[in-house]
Participant: 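Here's a structure for you.
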2 protein chains.
Amino acid sequence: MTKRTDKPTRPSPQRPRQAAIRAASAKTPKVVSAKLAEARPVANRAERSAERRAAIVEAAMDEFVARGFAATRLDDIAKRAGVAKGTLYLHFKDKESMFEELIRTALVPLISRLAAPPTITGPVRDAVEGFAEIFIREVATTRRGDIIRLIVSEGPRFPAIADFYFREVVSKGLAAMHRLVQLAITRGEIRQKELAHFPQLIVAPAIVAVIWQSLFARHAPLDGIAMFKVHLDLIFGERRTT
Amino acid sequence: MTKRTDKPTRPSPQRPRQAAIRAASAKTPKVVSAKLAEARPVANRAERSAERRAAIVEAAMDEFVARGFAATRLDDIAKRAGVAKGTLYLHFKDKESMFEELIRTALVPLISRLAAPPTITGPVRDAVEGFAEIFIREVATTRRGDIIRLIVSEGPRFPAIADFYFREVVSKGLAAMHRLVQLAITRGEIRQKELAHFPQLIVAPAIVAVIWQSLFARHAPLDGIAMFKVHLDLIFGERRTT
DNA sequence: CAAATATGACTGACTAGTCAGTCATTGTCA
DNA sequence: TGACAATGACTGACTAGTCAGTCATATTTG
């Protein structure tokens with residue numbers, strides 16, 4: 001029950017060590033708080049607020065990725081972001097909203113990348129290979145990969161997130177893949193016509209690479225890009241030139 | 001900590017409604033308690049204890065799969081299993097041990113399946129296809145698939161589980177795949193020799209199918225077996241006969 | 001200085017784990 | 001074999017502790 005029947009009067013809160021506290025918190029290798037302390041030319045309200053929010057988002061991302069939704073403590077997020085817990089509530093309604101908003105925000109760059117010019121100049125294979133190289137280097141290796149794992153983990157418990165992810169990322173990405181495959185088939189680059197029905201097959205190795213990184217990289221490193229090239233050889237036939 | 005320095009007298013607990021409580025608990029539609037009530041020929045202590053344990057394992061599996069480790073309440077597991085919370089601690093040391101032991105137990109059948117006769121009679125493709133069909137039907141669709149998702153979700157937070165899973169399932173499975181691929185290459189069934197370096201490519205679609213089921217089946221059903229057959233066509237070349 | 005922001009102590013709901021007490025089953029003995 | 005004693009599986013009320021969310025107070029800004 002946590003009695004806490006004491007503390008009857010609280011003789012005067014007296015925030016004495018404010019500076020000290022800040023100093024201590026600045027001393028820690030916290031990402032953004034340091035940045036705030038150094039480069040603060042003037043920073044009006046809006047800017048500072050945006051910076052704070054960014055710091056919170058960054059910290060929350062780290063914590064959620066490391067521990068999952070349920071096991072993450074808002075106290076830890078606040079500490080890592082260099083703010084008080086109450087401040088979190090100035091930016092987010094509650095823990096759940098924070099989590100959902102975070103995932104969505106984190107996916108925005110991915111989405112814009114997907115919507116980027118799908119103009120094909122050379123062989124389709126090169127397009128797919130470039131796409132995969134970017135994906136594996138920028139997703140499987142970075143924290144965006146963790147986001148994918150987070151979605152796999154928490155998706156079933158956050159249908160809103162799974163829905164959003166399917167709508168904004170998966171279906172768009174698969175549609176793009178579908179188009180590429182169709183093009184490659186008409187061009188004769190791909191012989192297996194059935195592949196058009198399962199664009200998931202194109203990206204499957206990339207997904208596996210992401211999962212492998214977070215679970216087994218320690219036991220057996222996996223060169224995702226090399227693996228994907230072999231995969232492309234299967235799809236497009238073995239490459240002639242080196 | 002758990003002080004417990006107090007409790008000097010405990011005025012006399014007086015458990016009055018023992019019978020009533022039992023009746024109530026029996027009335028609930030609990031899985032195993034019902035079974036016990038009906039088919040109880042004699043059921044000595046050991047048998048009953050084993051049944052209890054099985055009920056707990058079953059219930060715990062359901063709860064952990066549905067909510068993840070952190071969000072699962074032991075009270076709920078106990079209620080679902082039709083036992084008191086204290087009983088859980090007669091079978092498991094604590095929540096974490098319970099979780100880990102559960103995962104291991106759940107994988108035993110999978111492991112024995114992997115260690116099963118790898119004798120190849122016909123084409124390697126048929127062996128792989130049979131293997132995949134079993135896997136997708138018995139794993140992607142059933143609760144074993146949830147276990148895989150659970151490992152992906154909680155693995156990073158339970159290194160012991162990730163280690164165990166890698167050692168007992170992943171590395172063995174990949175080694176088996178590697179052997180199959182080698183055989184197929186020497187037989188001329190597979191032309192792409194590099195495939196031997198990445199046996200993960202063989203199983204990637206199966207993994208993706210598992211994940212798809214739990215996240216997106218609602219939005220867009222996926223025929224995992226059909227997908228895998230197309231995948232095999234890519235690896236072995238398109239199948240001649242229907 | 002008033003308004004806008006930020007703080008962190010505090011609350012209360014919730015939960016892992018404990019343990020004194022109960023009682024069905026098993027063992028013992030006449 | 002029937003009565004009685006011993007056992008230990010089982011129970012659930014209870015404790016200590018945790019943590020999301022609040023709000024009175026303090027600080028900063030314009």
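Protein chains get the first letters and strands the later ones, always in sequence-line order, with residue 1 at the start of each.
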Participant: Measure from CZ on B:F92 to P on C:dT18 and round the result to the nearest Å.
Facilitator: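 About 15 Å, once rounded to whole Å.
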
Participant: B:D75 has an atom CG; how far is it from atom C1' of D:dC14, in whole Å?
Facilitator: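 To the nearest whole Å, that distance equals 12 Å.
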
Participant: Could you tell me the separation between the NZ atom of B:K85 and the C1' atom of C:dC14, rounded to a whole number of Å?
Facilitator: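 Interatomic distance, NZ of B:K85 to C1' of C:dC14: 10 Å.
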
Participant: Rounding to an integer number of Å, can you tell me how far B:L90 CG sits from D:dT7 P?
Facilitator: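 So the two atoms are 18 Å apart, to the nearest Å.
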
Participant: According to a strict under-4.0 Å criterion, is B:R52 in side-chain N/O contact with OP1 or OP2 of D:dA9?
Facilitator: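 No, outside the criterion.
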
Participant: Pick the nucleotide of DNA chain D nearest each of A:G86 and A:F69; which residue has the one closer to the 5' end?
Facilitator: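 On the 5' side of the pair lies A:F69.
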
Participant: To the side chain of A:Y89, which of C:dA6, D:dC10, D:dT22 is closest?
Facilitator: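 Of all the options, the side chain of A:Y89 is nearest to D:dT22.
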
Participant: Tell me if the side-chain of B:K95 makes a donor-acceptor pair with the base of C:dG17, cut-off 3.5 Å, by modelled atom types.
Facilitator: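 No, the side chain and the base share no sub-3.5 Å donor-acceptor pair.
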
Participant: Report yes if the side chains of A:E154 and A:F99 come closer than 4.5 Å at any heavy-atom pair, otherwise no.
Facilitator: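 Yes. Closest side-chain heavy atoms under 4.5 Å.
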
Participant: Would you call A:E101 and A:R53 a salt bridge, using N to O less than 4.0 angstrom?
Facilitator: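 A salt bridge is present here (some side-chain N lies under 4.0 Å from a carboxylate O).
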
Participant: Got A:E168 and A:K172 here, is their nearest side-chain heavy-atom distance under 4.5 Å?
Facilitator: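 SC-SC contact between A:E168 and A:K172 confirmed.
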
Participant: Select base, sugar-phosphate, or nothing to describe what B:L74 touches, counting heavy atoms under 4.0 Å on all strands.
Facilitator: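 Sugar-phosphate: the residue B:L74, judged by heavy atoms under 4.0 Å, touches backbone atoms but no base.
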
Participant: Taking the side chain of A:H91 as heavy atoms from C-beta outward, which of D:dA13, C:dA6, D:dT11 is closest to it?
Facilitator: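 Looking only at heavy atoms from C-beta outward on A:H91, the closest nucleotide is C:dA6.
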
Participant: Find the distance A:K93:NZ to D:dG21:P and express it as a whole number of Å.
Facilitator: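 That distance rounds to 8 Å.
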
Participant: Whole angstroms only, please: what is the NZ-P distance between A:K79 and C:dT7?
Facilitator: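 After rounding, the gap between these two atoms is 15 Å.
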
Participant: Could you tell me the separation between the CD1 atom of B:I77 and the P atom of C:dA16, rounded to a whole number of Å?
Facilitator: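 So the CD1-P distance, B:I77 to C:dA16, works out to 8 Å.
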
Participant: Starting from P on D:dG21, measure out to CZ on A:R73 and report it in whole angstrom.
Facilitator: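 So the two atoms are 15 Å apart, to the nearest Å.
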
Participant: Considering only C:dA6, D:dG12, C:dT15, which nucleotide approaches the side chain of B:A84 most closely?
Facilitator: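 Between C:dA6, D:dG12, C:dT15, the one nearest the side chain of B:A84 would be D:dG12.
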
Participant: Less than 4.5 Å apart, side chain to side chain, heavy atoms only: is that true for A:P109 and A:R144?
Facilitator: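 Sidechains of A:R144 and A:P109: in contact.
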
Participant: Are the charged groups of B:R52 and B:E58 less than 4.0 angstrom apart, N to O?
Facilitator: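 Looking at B:E58 together with B:R52, the answer is no, because their closest N to O distance does not fall below 4.0 Å.
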
Participant: A:A70 or B:S49: which one's nearest nucleotide on DNA chain D is closer to the 5' end?
Facilitator: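 The answer here is B:S49.
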
